[in-house]
Number of protein chains: 2
Amino acid sequence: MVAATRDGTVGKALSVLDQVAAFGRPVRFTELLAQSPFPKPTLYRFVQTLTNQQMLSYDPDRQTYAPGIRLVRLAHAAWEQSTLAPVARPHIDALSKAVGETVHLAQLDHAQVLYVDKRNAGKPVQMYSQAGKVGPAYCTGVGKVMLAFSDPAIVDLVIEQQSFHAFTPHTLTSAAALREELADIRAQGYGFDREEHEPGIICVAMPILSEAGRVLGALSVTSTTGRTNLAGLEAYVPILQDTARNIAIDAQNWSFPDHDTKETTGI
Amino acid sequence: MVAATRDGTVGKALSVLDQVAAFGRPVRFTELLAQSPFPKPTLYRFVQTLTNQQMLSYDPDRQTYAPGIRLVRLAHAAWEQSTLAPVARPHIDALSKAVGETVHLAQLDHAQVLYVDKRNAGKPVQMYSQAGKVGPAYCTGVGKVMLAFSDPAIVDLVIEQQSFHAFTPHTLTSAAALREELADIRAQGYGFDREEHEPGIICVAMPILSEAGRVLGALSVTSTTGRTNLAGLEAYVPILQDTARNIAIDAQNWSFPDHDTKETTGI
DNA sequence: AAACCAAGTTTCATATAATGAGACGCGGTT
DNA sequence: AACCGCGTCTCATTATATGAAACTTGGTTT
């Protein structure tokens, strides 16, 4: 996660937030305490404060804490302002329609892949339950592609703090294998997920690069070995390239033109 | 917002987060300073800390701050654990299919309505851009319905800190009018939005109440005056009632049964 | 070029708030 | 009745946050 100390009280309190979120379920005070670096009263006060602040929610019946509702509000703003999603939206819609497969838009967040948007092939999907999800960088198409074009220093850092887990027989499980793969990706400009994260799931991924060559994010088209193969996915490379370039251009020119998108949702 | 002081340094820092989010666009340091209660160096350090912590993101080119990507990660956890959305999902899907109109699921967050999930009538929709959105409580169907069944003390508080704005000619613009409406809703068990927030937009809303009578959230079916009228919407009351009751029951029994929902997304 | 200005950054003595060992209250066992 | 685990509170100590003022930087005006 983020550097816990160094950022004083605020940093410590936020680390508690992460801790609660990491549980993935409502959690009791004692459970937190057991794996907390903070002494009991300190942790207690953090939890109190965060609950006051609606960053945590408290269930009095079960005596449990969970990430709070204020985060949902804040994340809405974050998603609209700090991710590629709003600019990329029309392009992803078009791409999804064109290829008829699941499309992902991801960004790099520390050593992890953060999925910021998604279009499902057939039916509408509850996006929010997907966006915000994180995954490992070393065994996903989007992750590898983003790393391949990242600053070497960042790659070193990611590899260093990465514990390679073999999700499938195809997962790359060593720093050396990964570095080799990254070189290949850099050479050819795009990458694949060859059932490295889940059996039967393959994808082709394309980086979204700024004019200056900085990694903004990545796109991928996902399918299953039942429906197609890598050669089949490779056919999508041109349209992925176009889409990625267009997103990059729009991102460059994007300057939040004063809310000209008037709401008409009828909420 | 939340009580800024009282929660020490952490509370103050979080208030800065809110402030940034409220801008709705990337914002410069000076802009923040102009409307901040904190002196320059204090605000500066908060912004620094929050940026370090990825709660804010900084654009060095434009020298602007925006809500950070860490919020998206955290919100994912919050949405899954602290909202009705995961339990309600199947019920809302069914409801949406049955009525063929836009369906909203909302919860009360302070004095505001927080939309936690949504199904669009015809075409798939980018949910995330809607969930997390907040609206006023006094002039939306879901807001009034939730207030109507809330603790009187809460209602007083909400009304007190509410500045009534007339969005349309039909908006209730006085505490008295609102209280009267709330009494009616309580008597009849559900409520309407009679073009009170946006012209042409109407909805019927139903509270989701726990066995003990506590307000868990609210559902609504939204339409336009072009397609139907209040009497037409009233026909949905029985199915809304059923759906709300079923959601309440599921929410009661919901106890996070240890990740039996294995992922098969193929990300 | 020199003077100016505004936005951003750093310093440092002071005030304030965070800290955590310990103690307390309380419901549920044994 | 004694015990125990869990959550809560107290308070002297210490560390941290604070903010007036000074400094830097990059751009604009005279």
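Sequence lines set the chain letters: A, B, ... in the order given, protein chains first and strands last, and positions in each chain run from 1.
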*Whole angstrom value for the distance that separates P of dA7(C) from CD of E31(B)*: 10 Å
*Protein-nucleotide distance (F29(A), atom CZ; dC26(C), atom C1'), rounded to Å*: 16 Å
*asked:* Keeping D59(A) on the side-chain end and R62(A) on the backbone end, is there a donor-acceptor pair under 3.5 Å?
replied: yes
*Measure up the Y58(B) and Y65(B) rings against each other and bin them: parallel (under 30°), tilted (30 to 60°), perpendicular (over 60°).*
tilted
*Tell me whether the OP1 or OP2 atom of dG8(C) has a side-chain N or O from Y44(B) closer than 4.0 Å.*
no
_Whole-Å gap separating C1' (dG8(C)) and CG (L32(B))_ = 13 Å
*Rounded to the nearest angstrom, tell me the gap between atom CG in L43(A) and atom C1' in dT19(C).*
13 Å
*State whether the side chain of E31(A) and the backbone N or O of R28(A) hold a donor-acceptor pair below 3.5 Å, judged by distance alone.*
yes
*Assign the ring pair F164(B) / Y138(B) to parallel, tilted or perpendicular, where the plane angle (0 to 90°) is split at 30° and 60°.*
perpendicular
_Base contacts versus sugar-phosphate-only contacts with protein, heavy atoms under 4.0 Å: please encode nucleotides 11-22 of chain D as B, S and - from 5' to 3'._
-----SSBBBB-
*asked:* Main chain of L84(A), side chain of Q107(A): is a donor-acceptor contact present, judged purely on distance under 3.5 Å?
replied: yes
*Any side-chain heavy-atom pair of V27(B) and Q63(B) under 4.5 Å*: no
*Any side-chain donor paired with an acceptor under 3.5 Å for Q81(A) and R25(B)?*
no
*Give a yes or no on whether the backbone of K12(A) and the side-chain of S15(A) come within a donor-acceptor separation of less than 3.5 Å.*
yes
*Angle, rounded to 10°, between the helical axes spanning five pairs at each terminus of the helix from dA1(C)-dT30(D) to dT30(C)-dA1(D)?*
20°
